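Every chain is numbered from 1 and lettered A, B, ... according to where its sequence line falls, protein lines coming before strand lines. Hydrogens, waters and symmetry mates play no part in the numbers below; they use all other heavy atoms, side chains included. Because the structure is predicted, anything quoted here is derived from the model rather than measured.
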Amino acid sequence: ILNVEQSPQSLHVQEGDSTNFTCSFPSSNFYALHWYRWETAKSPEALFVMTLNGDEKKKGRISATLNTKEGYSYLYIKGSQPEDSATYLCALKTSTDAGNNRKLIWGLGTSLAVNP
Amino acid sequence: DGGITQSPKYLFRKEGQNVTLSCEQNLNHDAMYWYRQDPGQGLRLIYYSQIVNDFQKGDIAEGYSVSREKKESFPLTVTSAQKNPTAFYLCASSRTTSETYEQYFGPGTRLTVT
């Protein structure tokens, strides 16, 4: 059974702090890794989809890196703001499902709280 | 505005009754999905559909049924055979042909069965 692990489970930081968290996954049969942000009382929202080893994506103060050989991705938030408070989910797509666009394996998420 | 709508937001049913959760999208997406979220667990796939009139079981399809008669709509029926139906249900869609495969989510329906 494939497993996607996220750490830490939760994180409390002060406004202005930079932070990062990890998504770990089996490196075999890698196809793509998704990052989503899920704010309380809202829908999950896609942040990045990463497909290549060494990929680095950026959206404003949020960036992500990918290492498919060792099976991990880091999500970084620079200068955290209270509006960054959310659960950050990663999800793995394996090559056995590629082309079918049907199945992501989800982590449990990292819950981030940014105190003003 | 394009997006996914789910209704209702909260749903209460008596045990033994079937209940249908609505999911509609106006994003022109081919693929649609139903997930279930339970405390302490990641999102689990119930059913997915890649195209109209076609759908496939996900990891936890037992006790659920779906239909995909229109591109925009993918309703989920929770039947009385589902042993633990109380959960938060999320519907999502994506462009099947897109290289990015990102999924767009609705706001969810919280179902409570007593």
Which residue pairs pass the side-chain hydrogen bond (donor to acceptor under 3.5 Å, both in side chains) test when at least one of the two sits in residues 62-75 of chain A, sequence neighbours left out?
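As it turns out, the side-chain hydrogen bond (donor to acceptor under 3.5 Å, both in side chains) pairs with a partner in residues 62-75 of chain A, which skip direct neighbours, are Trp35(A)-Ser73(A), Asn53(A)-Thr68(A), Asn67(A)-Tyr72(A).
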Ala46(A) backbone acceptor or donor facing Tyr104(B) side chain under 3.5 Å
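Not at all, since once roles are kept as given, no pair shorter than 3.5 Å links the two residues.
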Chain A contact via Gln6(B) - side chain, backbone, both or neither, heavy atoms under 4.5 Å:
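Looking at Gln6(B), nothing touches chain A.
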Using non-hydrogen atoms and a 4.5 Å limit, figure out which bit of Tyr47(B) sits close to chain A: side chain, backbone, both or neither.
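It is neither, since no heavy atom gets under 4.5 Å.
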Measure the [atom1]-[atom2] distance between [X] and [Y] for me, rounded to the nearest 0.5 Å.
| X | Y | atom1 | atom2 | answer |
| --- | --- | --- | --- | --- |
| Ile105(A) | Asp59(B) | CD1 | CG | 8.0 Å |
| Gln103(B) | Glu45(A) | CD | CD | 14.0 Å |
| Leu104(A) | Tyr35(B) | CG | OH | 4.5 Å |

Among residues 106-114 of chain B, which residues come closer than 4.5 Å to chain A, judged by heavy atom distances?
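Under the 4.5 Å heavy-atom cut-off, Gly106(B), Pro107(B) qualify.
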Hydrophobic clusters here meaning ILVMFWY residues chained together by side-chain heavy-atom distances under 4.5 Å, can you tell me if [X] and [Y] are in one?
| X | Y | value |
| --- | --- | --- |
| Leu47(A) | Val4(A) | yes |
| Phe74(B) | Leu27(B) | no |
| Leu45(B) | Met32(B) | no |
| Phe48(A) | Phe30(A) | yes |
| Phe105(B) | Ile46(B) | no |

More than 12 foreign heavy atoms under 6.0 Å from [atom1] of [X]: is that the case here?
| X | atom1 | value |
| --- | --- | --- |
| Glu62(B) | CD | no |
| Glu15(B) | CD | no |
| Lys78(A) | NZ | no |
| Lys57(B) | NZ | no |

Quick one: what part of Tyr36(A) sits under 4.5 Å from any heavy atom of chain B, side chain, backbone, both or neither?
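For Tyr36(A), the contact with chain B is made by the side chain alone.
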Hey, which residues of residues 107-116 of chain A are touching chain B, say heavy atoms under 4.5 Å apart?
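Near chain B, by residue number: Gly107(A), Leu108(A).
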Is the closest side-chain heavy-atom distance between Pro44(A) and Leu90(B) below 4.5 Å?
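Touching, per the 4.5 Å side-chain cut-off.
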Set of residues satisfying ring-ring contact (aromatic ring centres under 6.0 Å, His included) with respect to Trp38(A), sequence neighbours excluded:
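If we apply the ring-ring contact (aromatic ring centres under 6.0 Å, His included) test to Trp38(A), skipping adjacent residues, there are no hits.
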